[in-house]
Chemist: 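Attaching a single structure in structure tokens format; questions to follow.
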Amino acid sequence: MEKTIKRVLKQVIKPHIAIDSNIEHLIENSIEIPPTFEFGERSTNIAFKLASFLKKSPMKIAEELSGEINSIVDEKSLIVKTTSVKGYINFFINFTPFFNSLYSQIKKEGVNYGENQRGNGKKIIVEHTSINPVKPLHIGNLRNAVLGDCIARLYKRNGWEVEIQNLIDDFGRQVATLIWGILNGHHLGVIREINEKYDVWLGKVYSHCNNILAEQDSWNEVDKIMIDMRHDPHMYRFMRNICQACVDSNLETAWRYGITYDYLVWESDISRSGVWEETLRLLEKNSSFRWEKEGPNAGCFIANLGELAEFQDKKNPDKVFIRSNGIPTYVAHDVALQLWKFGIVKANLTSRSVVKQKNEAEETRDLWTSTDFHVSGEAEKSFGKPDRVCNVIGMEQNYEQEIVRYTLKLLSLKKEFVNSFHMSYKHVSAPHARFSGRSGNWLEERAWADAVFEDTYAAAFKAISKKRLDLEDDPIKRNLIVNSITAAAIRYWLIKFSTETEIKFRIEDATSLEGDTGPFLMYSSVRATKILAKLSKIKTFSKHGKYEITQQEKTLILQLYRCPEIVKNAADSFQPLMVAKYAYDLASSFNRFYETSRVINAKTAKLKQFRLALVQIFSIAMQNLLHILGIPIVDEM
RNA sequence: GGAUCCGUGGCUCAGCAUGGAUAGAGCGUCUGCCUUCGGAGCAGAAUGUCGUGGGUUCAAAUCCCUCCGGAUCCGCCA
């Protein structure tokens, strides 16, 4: 439709002014969706833009162009007529051929409707979740995971090969803190409740350990454990087993929400494979990095970021990569990791496939993990070597992520520099503070991912018990449906905000099932499914025959048409929110259609056929969108 | 001190990249709609100095600057 409008516009503008690249650009970006349907299906403000070139008033230009367009179109072309209102040119289209072609397209593309192949098979690594393996996911971690999961799905539908990594930092201070606590028997002071998830209990222990450490001021003992974890095989095995149990428990949570991974990357495996040493050799060869001989940073290895314009305004533009005690800093580690992801340094990790995961659509995905021992005869698979890397990390780490990115620039890794993306988002906040694993405040607010699931489940269960008395005899089916509604509600709630908005955690918002929510989208899809099931015997829509199209139907058709554009823009701007908003608008349009257009009792056979066809393509598009959002598709609810 | 982000009805948020017609939703409040494809829905009402003050422009919630309020960052923490 836009293509046709631009072509016609150029045709009528040409006699008035030469179309150079400047004018061409104006035309390309001038098509918009009018505020109300009375102004047509599309409009353009091109007359305003041309006013200064033609030295005429916008209204006059719009009037002339509109008249000229009307003289070359008729009721058989896609554009039926145009009007000029206050300087705008409004386009009215012929819905019958428009619908016919949209219908054929969506029917033909089916589950692929909305997709494109722009990625052309290129590969992206999306790293998300990546929590320390000492605690459960809290709602903020879940926001990270859901956003990352959604971006991965979006990239896939833009023709990219996607590899989802989850980094397990088992060599960090948080793990050492926990191990210190367990070795000193402090976990015995935290009673594990019946059926309590392991990671939840561990998170309590971890928080407890922090309190004791703060009282005793025994951090030097934790430092010693950090060293022992690296050098004492028994200590390492002890630590890794605990982390493994925690990760297994974390995965259970992720799967409840339809989140799956391709590769769990263990920090200890990375460390032992020599990635850091290789990175250091690479940096040492470059003049932008140096060992400091004097001054406050004497004995440290420094990244000379001050030579970049972007860091000139910093109080201290240079960044310490290796402390004077020889231990690399966190950001240096992240640099090594990024270099490894791009395959600039080689880690030679041993990997094994551990479990077959299923997401909400029952799609199978093998989960692989890096490992410290190889079982002979096991299948191997190589990871990495992407064209692009996207790290989903909170906004408070914007500066660190910039350092990582610009370090690539200092190393003259131009391609890797422009293909490093930090998907940044703000925190989910508790009423008066931020959630933190250390303070354990997620506990008192019931803000860990499993508790939020339970509370939402309870709300959904209450609702379905009222609405679906018939399901009392089928608790298994009811449980499946309630699980789906729960995941839908929470996932949608985490996606619907802009990544730049801090979400205030309030359980009544997360568990809401009405209005701008995930269940609302599911419900519209269920309505369509029900109609389709009842009319499964009607022969397929043919474009011949006459029928009237109502305004609600037109709106729905126009909404359906936008799907591919949204999928493209959402991926390009790293805004899953755009898909959520669009899916909500589409569901809303369908509900209005549903209220005003009876399908089963339509007045004529032809009308019935047309409406059924509209329901069919709505159902296809909505299911594709739900899949991108990771919302389960159900037949009833 | 410097940097980034945020400020939109009572509440929670979209819209800002690429300026454009009457600033959109949801929740809450109020009024209607179940002999009607499933009411987790629909129709309607009320509620707005788009933080403040300037500037640019034919046109500013959107771009630029000031100030006010909030968050985060600028570690040999992770």
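So you know, we letter chains A, B, ... as the sequences are listed, proteins then strands, and number each from 1.
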Chemist: Ring-on-base stacking between A:F39 and B:A21, under 5.5 Å between centres and under 30° between planes: is it there?
Modeler: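 Here A:F39 meets both the 5.5 Å and the 30° conditions.
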Chemist: I need the CG-P distance between A:D585 and B:C42, as an integer number of Å.
Modeler: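 These atoms are roughly 12 Å apart.
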Chemist: Is NZ or CZ of A:R230 both nearer than 6.0 Å to the six-membered ring centre of A:F171 and within 45° of the ring axis?
Modeler: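 Because its charged atom sits under 6.0 Å from the ring centre and within 45° of the axis, A:R230 does stack over A:F171.
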Chemist: Classify A:K534 by what it touches in the nucleic acid, base, sugar-phosphate, or nothing, heavy-atom distance under 4.0 Å.
Modeler: sugar-phosphate
Chemist: Between A:V331 and A:I33, who's closer to the 5' end of RNA chain B by nearest nucleotide?
Modeler: A:I33
Chemist: Assess the side chains of A:E267 and A:H333: does a donor N or O sit below 3.5 Å from an acceptor N or O?
Modeler: yes
Chemist: Now, which nucleotide makes the Watson-Crick or G-U wobble pair with B:G26, with each of the two distances under 3.5 Å?
Modeler: B:C11
Chemist: In whole Å, what separates the P atom of B:G44 from that of B:A25?
Modeler: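 My reading of the P atoms in B:G44 and B:A25 gives 10 Å.
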Chemist: Is any side-chain nitrogen or oxygen of A:K60 closer than 4.0 Å to OP1 or OP2 of B:C58?
Modeler: no
Chemist: Salt bridge between A:R478 and A:E472, side-chain N to carboxylate O under 4.0 Å?
Modeler: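 Salt bridge flag = no for A:E472 with A:R478.
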Chemist: What I want to check is whether an N or O donor and acceptor connect the side chain of A:E400 with the base of B:A78 at under 3.5 Å.
Modeler: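 Checked by distance alone, the answer is yes.
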Chemist: Across all strands, who's sitting opposite B:G19 as a Watson-Crick or G-U wobble pair, both distances under 3.5 Å?
Modeler: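 Checking every strand shown, B:G19 finds no partner, since no pair has both distances under 3.5 Å.
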Chemist: Using the six-membered base ring of B:A21, report whether A:Y88 stacks on it, requiring centroids under 5.5 Å and planes under 30° apart.
Modeler: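 So yes, this residue stacks on that base, both cut-offs being met.
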Chemist: Given atom NZ of A:K581 and atom C1' of B:G24, what is their separation to the nearest angstrom?
Modeler: 10 Å
Chemist: How many Å lie between CG on A:D509 and C1' on B:A25, as a whole number?
Modeler: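 Computing the A:D509:CG to B:A25:C1' distance gives 14 Å.
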Chemist: Please classify the nucleic acid contact of A:T44 as base, sugar-phosphate, or nothing, using heavy-atom distances under 4.0 Å.
Modeler: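 Nothing, no nucleic acid heavy atom in range.
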Chemist: Touch check for A:K49, heavy atoms < 4.0 angstrom, all strands: base, sugar-phosphate only, or nothing?
Modeler: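 Result for A:K49 = base.
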Chemist: By the 4.0 Å heavy-atom rule, please label A:A298 as base, sugar-phosphate, or nothing.
Modeler: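 Base contact.
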Chemist: Would you mind reading off the distance between A:R598 atom CZ and B:C42 atom P, rounded to a whole angstrom?
Modeler: 14 Å
Chemist: Counting any heavy atom closer than 4.0 Å, what does A:N29 reach on the DNA or RNA strands: base, sugar-phosphate only, or nothing?
Modeler: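 Result for A:N29 = nothing.
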Chemist: A:T501 near the nucleic acid: base, sugar-phosphate alone, or nothing, with a heavy-atom cut-off under 4.0 Å?
Modeler: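 Here A:T501 touches the backbone only, sparing every base.
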Chemist: Would you indicate, yes or no, if B:A40 has its OP1 or OP2 atom less than 4.0 angstrom from a side-chain nitrogen or oxygen of A:Y523?
Modeler: yes
Chemist: Does the base of B:C76 carry an N or O that pairs as donor and acceptor with the side chain of A:T329 under 3.5 Å?
Modeler: no
Chemist: Is it the case that the base of B:A21 and the side chain of A:T36 share a donor-acceptor contact (distance under 3.5 Å, atom types as modelled)?
Modeler: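 Check fails, no donor-acceptor contact within cut-off.
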Chemist: Glycosidic conformation of B:C13, syn or anti, with 90° from 0 as the boundary?
Modeler: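 Anti.
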Chemist: Considering every strand and a 4.0 Å limit on heavy-atom distances, what is the contact class for A:I485: base, sugar-phosphate, or nothing?
Modeler: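 Contact class for A:I485: base.
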Chemist: Quick test of your reading of the model: are A:K426 and A:E396 salt-bridged, counting only N-O distances below 4.0 Å?
Modeler: no
Chemist: Calculate the interatomic distance between A:L586 atom CG and B:A14 atom C1'; express it in whole Å.
Modeler: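 A:L586 atom CG is separated from B:A14 atom C1' by 17 Å.
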Chemist: What I want to check is whether an N or O donor and acceptor connect the side chain of A:N90 with the base of B:A21 at under 3.5 Å.
Modeler: yes
Chemist: Please verify the inter-ring angle class for A:Y399 with A:F311; under 30° counts as parallel, over 60° as perpendicular, anything in between as tilted.
Modeler: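 Correct class here is tilted.
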Chemist: Grab the NE2-P distance between A:H333 and B:A78 for me, whole Å please.
Modeler: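 Roughly 10 Å, once rounded to whole Å.
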Chemist: With a non-hydrogen cut-off below 4.0 angstrom, is A:Y594 in contact with a base, only sugar-phosphate, or nothing?
Modeler: base
Chemist: Does A:E28 pair with A:K6 as a salt bridge, N-O distance under 4.0 Å?
Modeler: yes
Chemist: Check for me whether A:R42 meets the cation-pi criterion with A:F91, that is, NZ or CZ under 6.0 Å from the six-membered ring centre and within 45 degrees of the ring axis.
Modeler: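 Checked: cation-pi criterion not met.
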Chemist: If we call it a pair only when both distances are under 3.5 Å in a Watson-Crick or G-U wobble match, what pairs with B:A46?
Modeler: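 Check on B:A46: unpaired, no WC or wobble geometry under 3.5 Å.
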Chemist: Can you identify which nucleotide, out of B:C11, B:G38, B:G26, has its nearest atom closest to the A:V526 side chain?
Modeler: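 Selected nucleotide (nearest to the side chain): B:G38.
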Chemist: Rounded to whole angstrom units, what separation is found between the CD atom of A:E267 and the C1' atom of B:A78?
Modeler: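 Answer to the nearest Å: 11 Å.
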Chemist: Send over the distance from A:I31 CD1 to B:U18 P, rounded to a whole Å.
Modeler: 18 Å
